[in-house]
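Ligands are counted one by one from 1 in listed order, and the atoms in each one are counted from 1 as well.
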Amino acid sequence: MGLVDVSRLPQHVAIIMDGNGRWAQGRGEPRTAGHERGADAVRATMRAARRLGIPALTLYAFSEQNWDRAPAEINALVDLLCECLVSERDELVDNEIRLSAIGRLHKLPQHAQARLRSLSSETELHKGMTLTLALSYGGREELIDATRTLASKVRDAEIDPNDIDEAALARLLPSMDVGPVDLLIRTGGEQRISNFLLWGSAYAEFYFTDELWPDFDANSLYYAIEAYQGRERRFGLVPGAEDGASPGAAGHELERAI
Ligand code: IPE
Ligand code: IPE
Ligand code: MG
């Protein structure tokens, strides 16, 4: 924790939690054993983020494309989600964590939707940290849904096409409720975005680690934040420009104002 300067925390950390299957296979266990251990890593990461004072943590738990996996793995993941929504309830309540979910949630089984709704509404006034689960989520799908909404508004003459700007579109993206991503972490060794937060990651700092998700813990998060704090964010501006504009501050304000 000493690695981290708590006065310069990323305001929104997003994580592609990858490598559960390989973690299990490396031990001769079924992939689902990796997902179960992955839930422990979620708990450790959520606690560490909350303790540091990070306002928003978004976790990629299940993508739109993951629906094409074997039904047994999908069922195991849904069951695990439902169990965690019960077992972690006290943790969220005790630590003032607000639960939110993004994605095409209507594709989840009814009982999973009901548990998500119930814990989200129970925690909706919590101010400690917003934990967003991306479930049945795809960045392209989110943009398609927003585009459909905008097209309907244009058709109904509620908005002029010339008034569609970044702010108008961002308002229709549920992932942007907690603002743009500052730090995007991917475990499991792959260096790709796999249809995660396409819009909100436009100026995110990326941190890739070979560590498999079930091995990720509080220290792993501190290392990622330490790396983030060593980066210079420019937002398209020029460092040390004559007009004195600091790219870090000016760009960040610009980004967050949208
Ligand atoms: C990430 O781990 C969890 C989900 C995608 C649900 P994987 O299941 O993708 O694990 P690997 O990448 O096959 O090791
Ligand atoms: C991304 O991991 C999705 C989640 C972590 C939920 P995947 O394992 O599905 O991504 P690819 O297939 O390696 O791109
Ligand atoms: Mg994977």
Side-chain angles (χ1 to χ4, degrees), residues 12-46 49 56-85 87-88 99-109 112-113 115-116 130-145 173-175 178 181 183-201 204-217 220-221 224:
H12 182 185
V13 175
I15 309 183
I16 301 173
M17 310 184 289
D18 197 25
N20 294 353
R22 280 164 285 162
W23 183 93
Q25 280 161 345
R27 283 166 176 73
E29 292 179 37
R31 294 177 57 83
T32 49
H35 297 316
E36 279 163 26
R37 280 297 292 267
D40 296 336
V42 167
R43 191 177 309 109
T45 306
M46 173 176 90
L57 176 68
T58 300
L59 301 177
Y60 203 6
F62 192 84
S63 75
E64 264 295 277
Q65 289 65 35
N66 290 151
W67 286 116
D68 289 331
R69 292 193 180 190
E73 183 170 350
I74 295 174
N75 290 339
L77 281 164
V78 171
D79 288 349
L80 186 61
L81 168 71
C82 289
E83 282 167 29
C84 289
L85 290 172
S87 64
E88 301 314 306
L99 179 74
S100 169
I102 54 170
R104 290 185 169 164
L105 304 175
H106 59 273
K107 293 175 81 172
L108 294 170
Q113 291 183 47
R115 286 191 189 189
L116 269 174
T130 299
L131 171 70
T132 304
L133 299 181
L135 292 160
S136 189
Y137 176 85
R140 286 182 174 173
E141 287 77 2
E142 188 183 27
L143 287 166
I144 289 167
D145 292 346
L173 301 174
S175 63
V178 288
V181 180
L183 169 60
L184 190 140
I185 299 170
R186 181 172 186 142
T187 61
E190 312 295 349
Q191 303 199 354
R192 54 178 172 252
I193 197 160
S194 299
N195 202 18
F196 197 27
L197 306 168
L198 296 181
W199 180 280
S201 298
E205 294 296 329
F206 286 69
Y207 178 85
F208 298 107
T209 168
D210 288 338
E211 202 168 29
L212 302 172
W213 177 250
D215 293 324
F216 198 88
D217 60 12
S220 317
L221 180 70

Less than 3.5 Å apart, any donor N or O on the side chain of Ser175 or Glu142 sitting next to an acceptor on the other?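 Ser175 vs Glu142: donor-acceptor pair found between side chains.
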Between Arg43 and Ser87: side-chain donor-acceptor atoms closer than 3.5 Å: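 Checked: Arg43/Ser87 side chains show no N/O donor-acceptor pair below 3.5 Å.
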Less than 4.5 Å apart, any side-chain heavy atom of [X] and any of [Y]?
X      : Y      : value
Leu116 : Leu135 : yes
Phe208 : Thr187 : no
Leu108 : Phe62  : no

Heavy-atom closest contact (Tyr60 atom, Asn195 atom, distance):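 Of all heavy-atom pairs spanning Tyr60 and Asn195, the closest is OH-O, 3.3 Å.
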With the threshold set at 4.0 Å, does a side-chain nitrogen-carboxylate oxygen contact exist between Arg22 and Glu190?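 Salt bridge flag = yes for Glu190 with Arg22.
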Please output the residues near ligand 1 using a strict heavy-atom distance under 4.0 Å, listed in chain and residue-number order.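 Correct list: Met17, Asp18, Gly19, Asn20, Gly21, Arg22, Arg31, His35, Ala61, Asn66, Arg69, Glu73, Leu77.
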With 2.8 Å as the threshold, which protein atoms of type N, O or S lie near the Mg ion (ligand 3)? Leave waters out.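 The answer is Asp18 OD1.
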With distance as the sole test, does Ser220 use its side chain to make a donor-acceptor pair with the main-chain N or O of Asp217 at under 3.5 Å?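 Yes: the side chain of Ser220 pairs with the backbone of Asp217.
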In ligand 2, which numbered atoms sit nearer than 4.0 Å to a non-hydrogen atom of Arg192?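 Answer, ordered by atom number: 11 (P), 13 (O), 14 (O).
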By ring-ring contact (aromatic ring centres under 6.0 Å, His included) - contacts of Trp23 (at least two apart):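 Counting only residues at least two positions away or on another chain, Trp23 forms no ring-ring contact (aromatic ring centres under 6.0 Å, His included).
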Could you list the residues that satisfy side chain to side chain contact (heavy atoms under 4.5 Å, CB included) with Glu64, not counting sequence neighbours?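 Residues passing side chain to side chain contact (heavy atoms under 4.5 Å, CB included) with Glu64: Trp67, Arg104, Lys107, Ser136, Glu141.
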